[in-house]
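Quick notes on the structure that follows.
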Amino acid sequence: MNRTVLLVIAHGSRDPRHAATVQALVRRAGALRPGLRVETAFLDFNLPSVPGVLDRLAADGVRDVVALPLLLTRAFHAKADIPAVLRQAPPSLRIRQAEVLGPSPLLIGAVERRLYEAGLTPGDKSATGVVLASAGSTDPEAIAVIAETARELRRTGWCSVRPAFASASLPRTEDAVRALRAEPGVRRVAVAPYVIAPGRLPDRIAAGAAEADVLADVLGPSPELARLLLERHDAAHAARSAVAHSA
């Protein structure tokens, strides 16, 4: 078997909504590319585990795997946890780790989709402040990417956009909501969770949005996210092919 398999690696959660949302997203990506075998694995809390899926792929005769971290930024999991578990893979597998999902214009599109689904319209942009609320990280690179994503979202026409974090970093969602309320020109405040799936930290974001006018849903199995999974696969696969051809 020579076809490359896309292995989507999610963090995992005790919250059953997390795994269900991840699986729905992966199914949507697979439906966009019927000829591509797409598998899901979790680092913690949920099954199947990454080692379990890698062993099964090797037993099936798979040789090439693109391992895609289902992460919005290159924080600790992408830099340490996932490479460590991939190093334990069966030696018959050739594995390339794809880039994380963010930053990407498709993520901006997914955030806006969720805001519109929550009741806003493009005509509301000029009077609406948005809190882009992420899970949070202690990694400076990850924090910088969230800040830049907020700036990119602002450039699409929203009155103001402020990043916020559910853990590890400041400000918290509720503080960003209050700060936006005080800004000139902001007549309504919306909270856009910049997270993929439900869980403890997204619930904390929702609680912090109590004083906002609008709370959007998590990104979940949005069409934009499904397309982005395939983009990251294609880029990693093309890079490996280029290396192979030059060898």
Side-chain angles (χ1 to χ4, degrees), residues 17-18 20-22 24-25 28-29 32 70-73 100-137 142-167 169-229 231:
R17 297 174 298 168
H18 174 89
T21 301
V22 169
L25 171 60
R28 186 160 203 166
L32 292 175
L70 195 65
L71 302 167
L72 298 176
T73 61
V100 297
L101 300 180
S104 168
L106 285 170
L107 289 171
I108 300 295
V111 168
E112 292 203 297
R113 173 186 292 275
R114 294 305 188 221
L115 287 166
Y116 297 150
E117 289 171 350
L120 295 172
T121 70
D124 295 324
K125 280 186 169 185
S126 62
T128 301
V130 178
V131 177
L132 187 71
S134 74
S137 174
I143 294 171
V145 168
I146 297 298
E148 177 57 28
T149 301
R151 288 190 288 270
E152 287 297 322
L153 184 60
R154 167 69 182 81
R155 292 184 187 112
T156 68
W158 298 96
C159 182
S160 182
V161 180
R162 286 177 176 256
F165 306 92
S167 69
S169 310
L170 294 174
R172 295 286 181 258
T173 302
E174 54 269 31
D175 297 324
V177 168
R178 293 180 189 122
L180 281 173
R181 287 268 184 232
E183 286 196 26
V186 174
R187 293 202 293 270
R188 70 183 63 79
V189 175
V191 173
Y194 193 61
V195 293
I196 294 171
R200 178 177 57 88
L201 294 179
D203 284 349
R204 190 178 294 174
I205 290 171
E211 297 179 20
D213 302 295
V214 174
L215 172 61
D217 200 357
V218 299
L219 301 179
S222 64
E224 294 84 1
L225 221 57
R227 285 172 51 203
L228 185 52
L229 264 59
E231 278 196 6

| said: Run the side chain to side chain contact (heavy atoms under 4.5 Å, CB included) test against A142 and tell me which residues pass, sequence neighbours left out. | reply: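 Side chain to side chain contact (heavy atoms under 4.5 Å, CB included) list for A142, sorted by chain: T73, A75, S137, D139.
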
| field | L106 side chain reached by L225 side chain, heavy atoms, under 4.5 Å | value |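 L225 does not reach L106 side chain to side chain.
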
| said: Give me each pair satisfying salt bridge (Lys or Arg N to Asp or Glu O under 4.0 Å) with a member in residues 184-197, each pair once, sequence neighbours excluded. | reply: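 Applying salt bridge (Lys or Arg N to Asp or Glu O under 4.0 Å) to every pair that reaches into residues 184-197, excluding sequence neighbours, yields D124-R188.
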
With rounding to the nearest 0.5 Å, note down the distance linking [atom1] in [X] to [atom2] in [Y].
X    : Y    : atom1 : atom2 : result
L115 : T121 : CG    : OG1   : 11.0 Å
R204 : F165 : CZ    : CZ    : 14.0 Å
I143 : S134 : CD1   : OG    : 8.5 Å
W158 : L153 : CH2   : CG    : 7.0 Å
I108 : R154 : CD1   : CZ    : 13.0 Å

| query | side chain to side chain donor-acceptor pair (under 3.5 Å): which pairs involve residues 220-229, sequence neighbours left out? | reply |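 Listed by first then second residue: R113-E224.
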
| Please, which pairs that meet side chain to side chain donor-acceptor pair (under 3.5 Å) have at least one residue in residues 175-186, sequence neighbours excluded? |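 Qualifying pairs: S160-E183, R162-E183, D175-R178, R178-E211, R181-D213.
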
| field | All side-chain hydrogen bond (donor to acceptor under 3.5 Å, both in side chains) counterparts of E152, not counting sequence neighbours | value |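 Result, side-chain hydrogen bond (donor to acceptor under 3.5 Å, both in side chains) vs E152: R155.
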
| Which residues satisfy the side-chain hydrogen bond (donor to acceptor under 3.5 Å, both in side chains) test with R28, sequence neighbours excluded? |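 Listed in chain order: nothing, the list is empty.
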
| field | Non-hydrogen atoms of G102 and L107 that approach each other most closely | value |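 Scanning both residues, the minimum pair turns out to be CA-CD1, 3.5 Å.
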
| task | Considering non-hydrogen atoms only, spot the tightest contact between A197 and H18 and give its length. | result |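 Reported closest heavy-atom pair: CB-ND1, 3.7 Å.
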
